[in-house]
Number of protein chains: 2
Amino acid sequence: MDIRKRIGLNVQRIRRARGWSQEQFAFESGLHRTYISGIERGARNPTVTVVKDMADALGVTPAALLEYETASAETAE
Amino acid sequence: MDIRKRIGLNVQRIRRARGWSQEQFAFESGLHRTYISGIERGARNPTVTVVKDMADALGVTPAALLEYETASAETAE
DNA sequence: ATGTGACTAATAGTCCGTT
DNA sequence: AAACGGACTATTAGTCACA
């Protein structure tokens, strides 16, 4: 599991738990809508300041976005 | 506490716990010596893949490098 | 409401040094 | 052993038009 994909999954899971669309989350985090899209798909390799911005908007710690307990499947590493 | 400084402190603490110099750590992680220096000083804004590389070399999770429990002082946020 | 390719400005990351 | 600087290339940040 690539760390970019892991972050993408974590962001998407928490964003959906907030009931937000990517556009709403983009507004909350101050990032661009298409950039969020790229992150959730694991297509981007964000810097830690971007991780911090997203974590702040989602109300979680930056570390939480890097963790691997998606509760569900985490077979491959 | 800026997230870059937090990472720098975490990296430095764990690296020293391993008994490694910056040069040794640079070799182990495959990153450049001067770059490690900049990261530990909080002067750099690494990408998540670099965080992963450092975490792997140090034998910790990437999330561990972003956490704020340095056990000691963590007054300012 | 989201995925994607392409694009420019900024900066990540390397390599040469000196202190 | 480590901080720091300058210059350099590769890659990211951030945005857009469009599917």
Side-chain angles (χ1 to χ4, degrees), chain A residues 1-67 70 72-73, chain B residues 1-67 70 72-73:
Chain A
M1 168 70 95
D2 186 84
I3 190 164
R4 290 170 298 177
K5 289 226 162 149
R6 181 182 307 159
I7 290 175
L9 292 174
N10 285 336
V11 167
Q12 187 172 76
R13 172 174 46 84
I14 300 170
R15 171 180 66 78
R16 285 175 172 165
R18 297 283 177 280
W20 287 346
S21 67
Q22 286 183 353
E23 285 188 337
Q24 284 174 303
F25 177 43
F27 175 77
E28 297 290 338
S29 61
L31 297 167
H32 201 271
R33 176 186 70 78
T34 60
Y35 189 54
I36 299 292
S37 171
I39 293 216
E40 289 195 2
R41 283 177 288 126
R44 294 280 192 158
N45 185 22
T47 56
V48 294
T49 53
V50 168
V51 172
K52 174 74 157 64
D53 290 343
M54 294 191 294
D56 285 349
L58 291 170
V60 297
T61 64
L65 296 184
L66 299 198
E67 268 153 17
T70 315
S72 57
Chain B
M1 168 70 93
D2 185 85
I3 190 164
R4 290 169 300 176
K5 288 226 164 145
R6 182 182 308 158
I7 290 175
L9 291 174
N10 285 336
V11 166
Q12 187 171 79
R13 172 174 46 85
I14 300 169
R15 171 180 66 78
R16 285 177 173 165
R18 297 283 177 281
W20 288 345
S21 67
Q22 287 183 352
E23 286 189 339
Q24 283 174 303
F25 178 43
F27 175 77
E28 297 289 337
S29 61
L31 297 166
H32 203 270
R33 177 181 64 80
T34 61
Y35 191 51
I36 298 291
S37 170
I39 291 206
E40 289 195 2
R41 283 177 286 127
R44 292 288 188 156
N45 186 23
T47 57
V48 295
T49 53
V50 166
V51 173
K52 175 75 156 63
D53 290 342
M54 293 190 295
D56 285 348
L58 291 170
V60 298
T61 64
L65 297 183
L66 300 197
E67 268 152 16
T70 315
S72 57

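No hydrogens, no waters, no symmetry mates; every other heavy atom, side chains included, goes into these values. If you're wondering where the values come from, they're calculated on a predicted model, not measured in any experiment. So that the names make sense, note that chain A is the first sequence line, chain B the second, and so on, each numbered from 1.
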Where the side chain of [X] is concerned, which of [options] is the nearest nucleotide?
| X | options | answer |
| --- | --- | --- |
| B:Gln12 | C:dG13, D:dA3, C:dG3 | D:dA3 |
| B:Tyr35 | C:dT2, D:dC16, C:dG13 | C:dG13 |
| B:Ser21 | D:dA2, C:dT4, C:dA12 | D:dA2 |

Nearest-angstrom distance from the residue atom [atom1] of [X] to [atom2] of [N]:
| X | N | atom1 | atom2 | answer |
| --- | --- | --- | --- | --- |
| B:Glu40 | D:dA2 | CD | P | 8 Å |
| B:Asp53 | C:dA12 | CG | P | 16 Å |
| A:Ile39 | C:dG3 | CD1 | P | 12 Å |
| A:Arg15 | C:dA1 | CZ | C1' | 9 Å |
| A:Leu31 | D:dA13 | CG | P | 9 Å |
| B:His32 | D:dG5 | NE2 | C1' | 14 Å |
| B:Arg41 | D:dA1 | CZ | C1' | 13 Å |
| A:Ile7 | D:dA13 | CD1 | C1' | 15 Å |

ask   = Are A:Val50 and A:Leu31 close enough that some pair of their side-chain heavy atoms sits under 4.5 Å apart?
value = yes
ask   = If we only count heavy atoms from C-beta on, is the B:Glu67 to A:Thr61 side-chain gap below 4.5 Å?
value = no
query = With no hydrogens and no angle check, is any side-chain donor or acceptor of B:Arg18 less than 3.5 Å from a backbone partner on B:Leu58?
reply = yes
request  = Return yes if some donor-acceptor pair links the side-chain N/O of B:Arg15 with the main-chain N/O of B:Val11 below 3.5 Å, else return no.
outcome  = no
Just to be sure I understand the rule, does [X] reach a base, reach only the sugar-phosphate, or reach nothing, if contact means heavy atoms closer than 4.0 Å?
| X | result |
| --- | --- |
| A:Ser37 | base |
| A:Glu23 | base |
| A:Arg4 | nothing |
| A:Ile36 | nothing |
| A:Arg16 | nothing |

Under 3.5 Å donor-acceptor pair, B:Arg33 side-chain atoms to C:dG17 base atoms = yes
query = Per the atom types in the model, does the base of D:dC4 pair as donor or acceptor with the side chain of B:Thr34 at under 3.5 Å?
reply = no
remark   = Taking every heavy atom of A:Pro46 against every heavy atom of A:Val51, the minimum-distance pair comes out as CG-CG2, 4.4 Å
inquiry  = Give me the atom names and distance for the closest heavy-atom approach of A:Leu66 to A:Arg6.
reply    = O-CD, 3.1 Å
Residue-phosphate contact under 4.0 Å: [X] side-chain N/O, [N] OP1/OP2:
| X | N | result |
| --- | --- | --- |
| B:Gln24 | D:dA1 | no |
| A:Arg44 | C:dT4 | no |
| B:Asn45 | C:dA12 | yes |

